[in-house]
Q: 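Sharing a structure below in structure tokens format, with a few things to ask.
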Amino acid sequence: MSKTSLDKSKIKFLLLEGIHPSASEVLRSAGYTQIETSPKALPPEELKAKIADVHFLGIRSASQLTADVFEQASRLVAVGCFCIGTNQVDLNAAREKGVAVFNAPYSNTRSVAELVLAEAILLLRGVPEKNALAHRGGWLKSAAGSYEIRGKTLGIVGYGSIGTQLSVLAEALGMQVAFFDVVTKLPLGNARQVHSLHELLAQSDIVSLHVPETAATQWMIGAAEVAAMKPGAILINASRGTVVEIEPLAEALKQKKLLGAAIDVFPVEPRSNKDEFQSPLRGLDNVILTPHIGGSTMEAQANIGLEVAEKLVKYSDNGTSTSSVNFPEVALPAHPGKHRLLHIHRNVPGVLSAINRIFSDNHINIASQYLQTNEKIGYVVTDIDAASSDLALEKLAQVEGTLRSRVLF
Ligand SMILES: NC(=O)c1ccc[n+]([C@@H]2O[C@H](COP(=O)([O-])OP(=O)(O)OC[C@H]3O[C@@H](n4cnc5c(N)ncnc54)[C@H](O)[C@@H]3O)[C@@H](O)[C@H]2O)c1
Ligand SMILES: O=C(O)CC[C@@H](O)C(=O)O
């Protein structure tokens with residue numbers, strides 16, 4: 001048996017951050033037994049020590065997979081992000097190591113959209129302040145500053161999976177929906193696209209952010225943007241903590257320039273439920289603060305567990321990389337009776353011919369072959385007879401540009 005093909009009982013999975021048990025169930029029913037789980041993210045040094053011995057890693061948003069961490073990951077085959085965002089992973093470093101990264105792009109969109117709408121209603125009614133006061137023995141029975149959601153304008157920044165779900169639900173409640181997106185999008189229902197962020201801010205009663213964390217979205221809402229919002233408007237951020245500058249927001253809330261805010265994500269978030277949450281927004285009664293739970297419902301987490309674990313199993317069992325966020329996507333049939341060689345390489349001219357020269361020079365018959373590339377890497381899968389796989393694998397590893405090769409049988 002080849003040294004680089006492990007039997008399933010030796011393949012190690014590490015699932016961090018309280019990933020739903022549905023993931024472990026999928027892995028166990030696929031025959032994997034070495035599954036270690038932890039309720040929290042690991043600090044960098046601990047993560048580096050652990051990752052050295054792991055073949056598959058599951059994380060959510062709190063684990064930081066930097067280039068340094070990937071340096072230690074000599075056995076790592078794939079990472080599963082059991083969430084939508086993949087900004088916590090250095091995708092280039094993963095690609096350089098030949099590590100495929102998967103996520104769950106849709107399983108929690110509904111949960112986020114529902115939370116945002118609920119928060120919008122509560123903020124428009126001043127419930128956070130009235131609730132806080134009642135807990136302190138106060139009684140604020142008043143309609144002043146309380147409004148229905150019907151007829152209000154919702155401004156959505158980022159009209160993707162979550163933004164569009166929210167748009168549909170908001171219209172069902174009688175809201176007007178406007179959105180800003182860098183891409184021209186087909187508006188759903190009666191929603192309309194506006195051409196600049198400031199145009200959106202100037203006309204929205206509620207602004208809700210649904211962009212990914214990128215260089216362009218970093219601090220996209222700062223002092224100037226808060227100033228551009230309508231007096232008495234509401235800001236909701238359930239996207240990423242780096243999208244909003246907290247200090248100018250806190251100031252606008254203290255000055256009552258804004259009616260309220262609901263913030264689910266923060267520039268710095270505690271690594272576990274035992275660490276202290278620190279923020280200038282603490283103590284402001286017109287702000288709903290939630291601990292990054294936009295996607296945290298039992299339904300969403302169970303679905304994410306299934307979805308991502310199934311992707312890891314398919315990649316481990318037969319090399320299928322469909323819906324990977326950093327890898328060429330290949331959907332592969334089963335390969336009964338054959339050994340399957342997986343070769344991941346830099347996408348430079350000549351690699352495929354070098355690979356096929358190995359097969360022809362060594363009289364190895366190819367039963368089937370698949371190639372897919374993206375701008376950076378190529379992924380070649382070749383099914384051959386079992387007898388030749390050790391020799392072929394040894395030679396494939398020597399091809400110039402090789403990032404990783406392994407065999408499945
Ligand atoms: N709080 C939570 O628990 C939670 C849960 C799920 C997702 N999220 C976050 O929400 C983000 C959005 O999720 P999604 O599934 O809707 O993503 P998506 O990729 O489907 O949509 C993002 C949209 O933002 C647009 N966009 C990108 N850059 C932009 C910019 N600079 N200005 C304006 N628009 C821009 C894109 O064109 C796209 O339409 C995720 O990336 C994730 O970070 C948070
Ligand atoms: O569950 C998480 O930690 C992240 C949730 C959310 O931000 C996502 O990107 O899906």
Side-chain angles (χ1 to χ4, degrees), residues 1-42 46-60 63 65 69-70 72-83 86 89 94 97-104 107 301-327 329-344 379 381 383 386 389 393 404-409:
M1 186 180 284
S2 159
K3 288 192 185 67
T4 51
S5 179
L6 291 175
D7 96 44
K8 282 192 177 183
S9 67
K10 299 209 172 84
I11 294 184
K12 292 188 183 166
F13 285 79
L14 174 62
L15 304 182
L16 301 175
E17 300 186 56
I19 286 167
H20 193 276
S22 62
S24 301
E25 282 159 30
V26 168
L27 299 176
R28 268 193 291 275
S29 56
Y32 296 95
T33 51
Q34 293 219 47
I35 307 162
E36 186 181 341
T37 60
S38 163
K40 56 185 178 78
L42 300 179
E46 214 179 307
L47 182 57
K48 282 184 200 166
K50 270 276 194 209
I51 209 168
D53 195 32
V54 158
H55 302 96
F56 290 88
L57 176 67
I59 59 166
R60 290 171 63 184
S63 301
L65 299 191
V69 171
F70 280 109
Q72 308 306 316
S74 49
R75 298 184 175 174
L76 194 65
V77 173
V79 170
C81 297
F82 286 73
C83 53
T86 54
V89 181
K97 274 271 178 190
V99 173
V101 180
F102 298 90
N103 71 341
S107 293
Q301 293 305 312
N303 288 335
I304 289 172
L306 293 179
E307 182 180 340
V308 181
E310 278 168 7
K311 289 177 183 178
L312 296 180
V313 166
K314 273 192 187 157
Y315 187 57
S316 180
D317 282 1
N318 96 333
T320 288
S321 59
T322 312
S323 90
S324 167
V325 297
N326 69 335
F327 243 56
E329 295 188 46
V330 184
L332 299 163
H335 53 118
K338 300 290 171 199
H339 279 195
R340 173 163 285 173
L341 298 163
L342 311 177
H343 187 266
I344 300 152
Y379 182 34
V381 180
D383 293 342
S389 70
L393 190 65
R404 177 182 284 268
S405 51
R406 65 188 174 108
V407 62
L408 304 175
F409 41 81

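The residues of the chain are indexed from 1 along the displayed sequence. Worth saying up front: this structure is predicted, and the values here are computed from it rather than measured.
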Q: Could you check if a side-chain atom of T33 sits within less than 4.5 angstrom of a side-chain atom of K8, using non-hydrogen atoms only?
A: no
Q: Rounded to the nearest 0.5 Å, what separation is found between the CZ atom of R60 and the CD1 atom of I304?
A: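 Nearest 0.5 Å value for the CZ-CD1 distance: 7.0 Å.
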Q: Considering residues at least two apart in sequence or located in another chain, which fulfil the ring pair (Phe, Tyr, Trp, His ring centres under 6.0 Å) criterion with F82?
A: none
Q: Compare all side-chain heavy atoms of V308 with those of N103 and state whether any distance is below 4.5 angstrom.
A: no
Q: Any side-chain heavy atom of V313 within less than 4.5 Å of one from E310?
A: no
Q: Do F56 and L27 have side chains that get closer than 4.5 Å, going by heavy atoms?
A: no
Q: What is the distance from atom NZ of K97 to atom OG of S74, rounded to the nearest 0.5 Å?
A: 6.0 Å
Q: Is I19 close to T37 at the side-chain level, that is, under 4.5 Å between some pair of heavy atoms?
A: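 Not in contact.
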Q: Enter the distance from D317:CG to I11:CD1 here, rounded to the nearest 0.5 Å.
A: 8.0 Å
Q: Within the side chain of S324, is there an N or O that forms a donor-acceptor pair under 3.5 Å with the backbone of V101?
A: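 Checking the backbone N and O of V101 against the side chain of S324, a donor-acceptor pair under 3.5 Å is found.
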Q: Return the set of residues passing salt bridge (charged side-chain N to carboxylate O under 4.0 Å, His left out) with D53 (not counting sequence neighbours), or none when no residue passes.
A: K12, R75
Q: NZ of K314: more than 12 outside heavy atoms within 6.0 angstrom?
A: no
Q: Could you give me the CA-CA distance, side-chain angles and deciding distance for V89 and F70, then say whether side-chain contact (heavy atoms from CB on, under 4.5 Å) is met?
A: CA-CA 10 Å; V89 181; F70 280 109; 3.9 Å; yes
Q: Output yes when a side-chain donor or acceptor of E329 lies under 3.5 Å from a complementary backbone atom of S323, and no otherwise.
A: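 Yes: the side chain of E329 pairs with the backbone of S323.
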Q: Look up atom CG in L42 and atom CG in L16, then write down how far apart they are to the nearest 0.5 Å.
A: 4.5 Å
Q: Measuring from I35:CD1 to L15:CG, what's the distance to the nearest 0.5 Å?
A: 7.0 Å
Q: Under the rule for salt bridge (charged side-chain N to carboxylate O under 4.0 Å, His left out), what residues qualify as partners of E307, not counting sequence neighbours?
A: K311
Q: Rounded to the nearest 0.5 Å, what's the gap from CG on L341 to CG on D383? Could you check?
A: 8.0 Å
Q: Just wondering, do Q34 and H55 contact through their side chains at under 4.5 Å, heavy atoms?
A: no
Q: Does any non-hydrogen side-chain atom of S405 lie less than 4.5 Å from one of L342?
A: no
Q: If you look only at distance, which donor and acceptor atoms sit under 3.5 Å apart when one is on a side chain in residues 330-338 and the other is two or more places apart or in another chain?
A:
unit_1 : atom_1 : unit_2 : atom_2 : d
H335   : ND1    : K338   : O      : 3.4
K338   : NZ     : D385   : OD1    : 2.6

Q: Could you tell me which non-hydrogen atom of F102 sits nearest to which non-hydrogen atom of S321, and how far apart they are?
A: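 Looks like CE2-O, 3.7 Å.
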Q: Under a 3.5 Å distance rule, please check whether N326 uses its side chain to pair with a backbone N or O of V99 as donor and acceptor.
A: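 Confirmed, N326 side chain pairs with V99 backbone.
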Q: Mind checking ring pair (Phe, Tyr, Trp, His ring centres under 6.0 Å) for H20 and listing every partner two or more places apart, or none if nothing turns up?
A: none
Q: Of all the heavy-atom pairs spanning A41 and S63, show the shortest one and how long it is.
A: CB-OG, 3.7 Å
Q: Do you know the tightest heavy-atom contact between V54 and L57?
A: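 So the two residues come closest at CG1-N, 4.2 Å.
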Q: Quick one: are R406 and V77 in side-chain contact, heavy atoms under 4.5 Å?
A: yes
Q: Give the minimum heavy-atom separation between G319 and L408, together with the two atoms involved.
A: N-CD1, 3.6 Å
Q: What is the minimum heavy-atom distance between F327 and G98, and which atoms define it?
A: CZ-O, 3.6 Å
Q: Assess the side chains of Y32 and S316: does a donor N or O sit below 3.5 Å from an acceptor N or O?
A: yes
Q: Keeping to residues at least two apart or across chains, list the salt bridge (charged side-chain N to carboxylate O under 4.0 Å, His left out) pairs with something in residues 14-30.
A: none
